[in-house]
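A short worksheet on the structure shown next.
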Amino acid sequence: SCTLWLYTSAVELSYRVVFLPGAFQNVSVSENETVQAVATGIPAEVAFATVQFHTQWHNVTLSYSTTPVFGLSSTAADTGILFPLLPGQTSFTLFLFSSDGSTVTGTGVILPFSSTDPLPGGCNIEFNLNVDPNVYLRYNLFETTIRFAPANLGYERGSAPPSCDTSTGANTRWRLQYDVYQYFLPENDLSERSLFRAVQAVGDSSRCLLQIMTLSSTEMSTVMFSSIPGQGVIYSVIVRDPVLNTSASYVPVHTYACSFASKLDGCQTLGKITTKIFFTITGLAGLFVCFFGHRFFKSELLCMGFSFSAFFFFVLITRTTSLDYDIRLAVSAVIGVVGGVLLVMSWWRFGSVMACVVVVGLMLGFMVAATVLFTPLGDFEVFRRSDAVFWVTFCSIMIIVPLFFMRWPREGNIVTCGVIGAYAVILAVNAYIYTSLSYITLNILKRFLNNNFSAAFTDVPFQTIDYIMITVWVVLGVAGIVLQLYRERTRPFFPPSPYLMWLQERERRKTNVLDPSHHFPSLPNRLLARARQLTKRMEPAGEHTPLLL
């Protein structure tokens, strides 16, 4: 039964707020204060109404009674309850409390619906309210999940609600469909005013929303998205009746994928100093590689080896240990330096340019594959649902790119320097100013670290700063590639191995009697002679010029 009893008691109310249907109103609730919310002026054609209240991060409680009771109240930062109306009823009363003992400011609205509109949450068997129009949200570093209770068909005032699960025919709630929407708040805007303005925009119309998917009544009422820490997102669910062409909305819910209450790594302190230092150095190195990488080949190999090793071991350490983030970042940086030095030493010792170029090519292949799957192509159902298909596609793109390096190794190396170096600059900027371009590689990292990430949507908003960063990426990359191609056009394709050059020079000195260095004493003899000069002055003997034939 969906009958709701309104409990009252002799509790002194702090003040009374009058709501008109469809009109948003800001309300401040102080500690130990009970606000009486009165809805008036309800037309006769309205069969039920949802009352919703939104705060930025403080929890509030909406209750049918002056004392919150389990099953008759709802507590959350985005909370709501549904009130079925009796014949002739034109007003009703609810009560609002601050749940965490502090003054809370929020915005509320009452949305009326007719008897032909679906009843959001009308077939709830999971959550605490009998009829629960709320959307429940949970998030972690990798994904954000929303859940909601199935809806029921609407009914006239004073009538009994339709049965939920006696049959699955066309005249039951199984014909209902659920549209899931997203609304992105402005980037880097954590203000309460911006949130309230967005909540009102979402409540007024669905035209400003981005539709993500449509669920049928036979599907699970659970949807997963990619978390974007620091980016405000509102999720809205609208249930539709395709037969009567009517609809009703659940209570929208928002998240920043971070905590406002946390003093460490909270929404206000997302940019850790270690992350800023790490990516600032990375950006400076990337800028150098973008314009001078091929000319200073050893420095380029050091940077590429560092990136490859640091990324791989960060994933390995995160999946196998529970170390603190700063420690993991420091250990990954140290291992990255070791990896870069090993790559340089392998080229210095063996002189195999192609082996090094393959490693560099894999870096470009990784970037190309991540960019391709960052586009709407990556949101195809086959990639979201199947890890095997995703990783096979990713690895195929990643391996194909180095194959072109075999034919044009110098040009491929210079292109890699321009693309990867310019993107490193974007990552450095992201450490200070949020940009969605960082999720090109971050989505791949998240998928490496989380086994269930395949079920999450990876959509991120593109706003003004992102288009600026794309322009910077393209300009830096093209400028670096063109400059290096022009400067290196008359030089050898790759510098020779220093070790092989040293071997050739040593062999030449041994066989060429005309070389003045052929007549130099060995290093130990020169050191011994220098030590003897400290005690006894020795006159130079012999020629220090080439022999004459």
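What you see is a predicted model, and the numbers here were worked out from it, not measured in a lab. Position 1 is the first residue of the sequence; numbering continues from there.
To the nearest 0.5 Å, atom OH of residue Tyr139 and atom OG of residue Ser259 are 5.0 Å apart. Here CD of Glu192 is found 8.0 Å from CG of Asn26. Values are rounded to the nearest 0.5 Å. Separating the OG atom in Ser73 from the CD1 atom in Ile81 is a distance of 8.5 Å, to the nearest 0.5 Å. Rounding to the nearest 0.5 angstrom, the gap separating the OG atom in Ser227 from the CZ atom in Arg138 is 12.0 Å. Taken to the nearest 0.5 Å, the CD1 atom of Ile426 stands 11.0 Å off from the CD1 atom of Ile468. With rounding to the nearest 0.5 angstrom, the CG atom of Leu449 is 11.5 Å from the CD1 atom of Ile444.
Judged by distance alone, the side chains of Thr144 and Thr255 never bring a donor and an acceptor atom under 3.5 Å apart. Side-chain contact check for Thr435 and Asn430: no donor-acceptor pair (N or O, by modelled atom type) lies under 3.5 Å. Under 3.5 Å, the side chains of Tyr136 and Thr145 contain no donor-acceptor pair of N or O atoms. Side chains of Thr67 and Ser65: a donor-acceptor N/O pair is absent below 3.5 angstrom, by distance only.
In plain terms, the two heavy atoms of Tyr423 and Leu437 that are nearest each other are OH-O, 2.9 Å. Contact between Leu119 and Tyr155 at its shortest, heavy atoms only, is CD2-CE2, 4.0 Å. What you find for Ser98 and Val104 is that their closest heavy atoms are OG-CG2, 3.5 Å.
Taking the six-membered ring where tryptophan is involved, the planes of Phe260 and Trp57 are essentially parallel, since the angle between them stays under 30° and well short of 60°.
Applying the salt bridge (charged side-chain N to carboxylate O under 4.0 Å, His left out) test to every pair with at least one member in residues 216-245, sequence neighbours left out, gives these pairs: Arg175-Asp241, Asp179-Arg240.
Counted within 6.0 Å of CZ on Arg319, heavy atoms from surrounding residues, nucleotides or ligands total more than 12; the atom is thus considered enclosed. The environment of CG in Leu377 is crowded: more than 12 heavy-atom neighbours from other residues, nucleotides or ligands sit within 6.0 Å. Heavy atoms from other residues, nucleotides or ligands lying under 6.0 Å from CD1 of Ile433 number 12 at most.
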Which side-chain N or O atoms in residues 38-54 pair as donor and acceptor under 3.5 Å with protein atoms at least two apart or in another chain?
{"unit_1": "Gln52", "atom_1": "OE1", "unit_2": "His54", "atom_2": "NE2", "d": "2.7"}
{"unit_1": "His54", "atom_1": "ND1", "unit_2": "Asp78", "atom_2": "OD1", "d": "2.7"}

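Considering only heavy atoms from C-beta on, Ser249 stays 4.5 Å or farther from Val237 through its side chain. Contact annotation: the side chain of Leu445 never approaches that of Asn443 to less than 4.5 Å [non-hydrogen atoms, C-beta and beyond].
If you run side-chain hydrogen bond (donor to acceptor under 3.5 Å, both in side chains) between Ser99 and each of Asn59, Thr55, Thr61, only Thr61 comes through. Results of the ring pair (Phe, Tyr, Trp, His ring centres under 6.0 Å) test with Tyr235 over Tyr181, Phe225, Tyr250 single out Phe225 as the only residue that passes.
Put simply, the side chain of Ser217 gets close to the backbone of Arg173: a donor and an acceptor are under 3.5 Å apart. At distances below 3.5 Å, not a single donor-acceptor pair connects side-chain atoms of Tyr183 with backbone N or O atoms of His254. No donor-acceptor pair closer than 3.5 Å links the side chain of Trp174 to the backbone N or O of Asp165. When atom types are taken as modelled, the side chain of Asn245 and the backbone of Pro242 share no donor-acceptor pair closer than 3.5 angstrom. A donor-acceptor pair is defined here as one N or O able to donate and one able to accept, closer than 3.5 Å; no such pair exists between the side chain of Thr318 and the backbone of Val315. Between the side chain of Thr172 and the main chain of Gly169, a donor-acceptor pair closer than 3.5 Å is present. When atom types are taken as modelled, the side chain of Ser386 and the backbone of Val389 share a donor-acceptor pair closer than 3.5 angstrom. Not a single donor-acceptor pair under 3.5 Å links the side chain of His58 to the backbone N or O of Thr103. Counting only distance, with no hydrogens or angles, the side chain of Gln182 and the backbone of Ile212 share no donor-acceptor pair below 3.5 Å. Judged purely by atom type and a 3.5 angstrom limit, Asn152 has no side-chain atom pairing as donor or acceptor with the backbone of Gly121.
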Subject >> Stepwise side-chain contact (heavy atoms from CB on, under 4.5 Å) check, Phe97 with Val60 >> reply: CA-CA 6 Å; Phe97 310 88; Val60 293; over 6 Å; no

**OP:** Run the numbers on Ser438 and Leu427 for side-chain contact (heavy atoms from CB on, under 4.5 Å), then give the verdict.
**Re:** CA-CA 6 Å; Ser438 62; Leu427 291 180; 4.1 Å; yes

**OP:** Please test Tyr439 against Ser226 for side-chain hydrogen bond (donor to acceptor under 3.5 Å, both in side chains), starting from the C-alpha separation and ending with a verdict.
**Re:** CA-CA 10 Å; Tyr439 280 83; Ser226 175; over 6 Å; no

**OP:** Take Gln177 and Thr214, measure what side-chain hydrogen bond (donor to acceptor under 3.5 Å, both in side chains) needs, and give me the verdict at the end.
**Re:** CA-CA 7 Å; Gln177 297 178 341; Thr214 298; over 6 Å; no

**OP:** Decide side-chain contact (heavy atoms from CB on, under 4.5 Å) for Ile146 and Val180; before the verdict, give the C-alpha distance in whole Å, the side-chain angles of both, and the deciding distance to 0.1 Å.
**Re:** CA-CA 10 Å; Ile146 62 171; Val180 182; 4.0 Å; yes

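Taking the six-membered ring wherever Trp is involved, the centroid distance between the rings of Phe311 and Phe366 falls below 6.0 Å. Residues Phe148 and Tyr178 bring their aromatic ring centres within 6.0 Å. For an aromatic pair to be called close, the ring centres must be under 6.0 Å apart, and Phe448 with Trp391 satisfies this.
Salt bridge status for Glu143 with Lys446: absent, with no side-chain N to carboxylate O gap under 4.0 Å.
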